[in-house]
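One-based numbering along the sequence shown.
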Amino acid sequence: QVQLVESGGGLVQPGGSLRLSCAASGFTLDYYAIGWFRQAPGKEREGVSCISGSDGSTYYAGSVKGRFTISRDNAKNTVSLQMNSLKPEDTAVYFCGVLRFRLCVSWTTMSGYDYWGQGTQVTVSS
């Protein structure tokens, strides 16, 4: 059974950092492109970052580029999202998803993902 579980969310002050993890079971993560999305209250889910399953190429939304870093640990079958210099507008539920391609093809489009985790809440507030 394929399962994704996100963890690492919480409450942090502006300028702080959090590290989210996406742990997979039932399949091997390293073959697939993995994306992180977020959804704020009243807004659509938006793509944040993607890491390819081939050469580890990474992609970021403009709003997080330079602040967030996506990485994978194949030994642990996890993908992480290091979030630095957090802003109140980063507040959202963060989800990881498995793209049906090995590369980050159209990674910001939700319809390309086959599996999603349940999400983890990130709140940036003073």
Visitor: Rounded to the nearest 0.5 Å, what separates atom CG in Asp90 from atom OG in Ser63?
Guide: 7.0 Å
Visitor: Can you check whether Met83 reaches Arg19 side chain to side chain, under 4.5 Å on heavy atoms?
Guide: no
Visitor: Is it true that Val64 and Trp107 fall in one hydrophobic cluster, defined by side-chain heavy atoms closer than 4.5 Å?
Guide: no
Visitor: Does Arg100 reach the main-chain N or O of Tyr115 with its side chain, forming a donor-acceptor pair under 3.5 Å?
Guide: no
Visitor: Evaluate Ser7 against Thr120 for side-chain contact (heavy atoms from CB on, under 4.5 Å), listing each step before the verdict.
Guide: CA-CA 6 Å; Ser7 62; Thr120 185; 5.7 Å; no
Visitor: Counting only heavy atoms not in Glu44, do more than 12 sit closer than 6.0 Å to its CD atom?
Guide: no
Visitor: Report yes if some heavy atom in the side chain of Gln82 is under 4.5 Å from a heavy atom in the side chain of Ser17; otherwise report no.
Guide: yes
Visitor: Hey, does Ser80 have a side-chain heavy atom less than 4.5 Å from the side chain of Leu20?
Guide: no
Visitor: Under a single-linkage definition using a 4.5 Å side-chain heavy-atom cutoff for Ile, Leu, Val, Met, Phe, Trp and Tyr, are Leu4 and Met110 assigned to the same hydrophobic cluster?
Guide: no
Visitor: Can you find a pair of side-chain heavy atoms, one from Leu103 and one from Ser57, that are under 4.5 Å apart?
Guide: no
Visitor: Please say yes or no: joined through hydrophobic side-chain contacts below 4.5 Å, possibly via intermediate residues, are Ile70 and Val105 part of one cluster?
Guide: no
Visitor: For Asp30, enumerate each residue passing the salt bridge (Lys or Arg N to Asp or Glu O under 4.0 Å) test, keeping only those at least two apart in sequence or located in another chain.
Guide: none
Visitor: Answer yes if Phe101 and Val2 sit in the same cluster of Ile, Leu, Val, Met, Phe, Trp and Tyr residues linked by side chain heavy atoms under 4.5 Å apart, and no otherwise.
Guide: no
Visitor: Can you find a pair of side-chain heavy atoms, one from Pro88 and one from Pro14, that are under 4.5 Å apart?
Guide: yes
Visitor: Between Ser52 and Ala33 (side chain of the first, backbone of the second, donor and acceptor by atom type, cut-off under 3.5 Å), is there such a pair?
Guide: no
Visitor: What verdict does the side-chain contact (heavy atoms from CB on, under 4.5 Å) test give for Gln13 and Leu86, after you've listed the backbone C-alpha separation in whole Å, the side-chain angles of each residue and the deciding distance to 0.1 Å?
Guide: CA-CA 8 Å; Gln13 293 186 341; Leu86 283 162; over 6 Å; no
Visitor: Apply ring pair (Phe, Tyr, Trp, His ring centres under 6.0 Å) to Tyr113 and list each qualifying residue two or more places apart in sequence or on a separate chain.
Guide: Phe37, Trp116
Visitor: For a 4.5 angstrom cut-off between non-hydrogen side-chain atoms, does Phe68 reach Asn84?
Guide: no
Visitor: Does any N or O in the side chain of Glu6 come within less than 3.5 Å of the main-chain N or O of Gly119, such that one atom is a donor and the other an acceptor?
Guide: yes
Visitor: Filter on ring-ring contact (aromatic ring centres under 6.0 Å, His included), then keep only pairs touching residues 5-27, sequence neighbours left out; what's left?
Guide: Phe27-Tyr32
Visitor: Pick out which of Asp73, Asn77, Ile51 makes a side chain to side chain contact (heavy atoms under 4.5 Å, CB included) with Leu29.
Guide: Asn77
Visitor: Within 45° of the six-membered ring axis of Phe95 and under 6.0 Å from that ring's centre, is NZ or CZ of Arg38 located there?
Guide: no
Visitor: Do Gln118 and Val5 make a side-chain contact, defined as non-hydrogen atoms from C-beta onward lying under 4.5 Å apart?
Guide: yes
Visitor: Do you reckon Leu99 sits in the same ILVMFWY cluster as Tyr59, going by side-chain contacts under 4.5 Å, direct or chained?
Guide: yes
Visitor: For Tyr60, I'd like to know if atom OH has over 12 heavy atoms of other residues, nucleotides or ligands within 6.0 Å.
Guide: yes
Visitor: Any side-chain heavy-atom pair from Val12 and Thr123 closer than 4.5 angstrom?
Guide: no
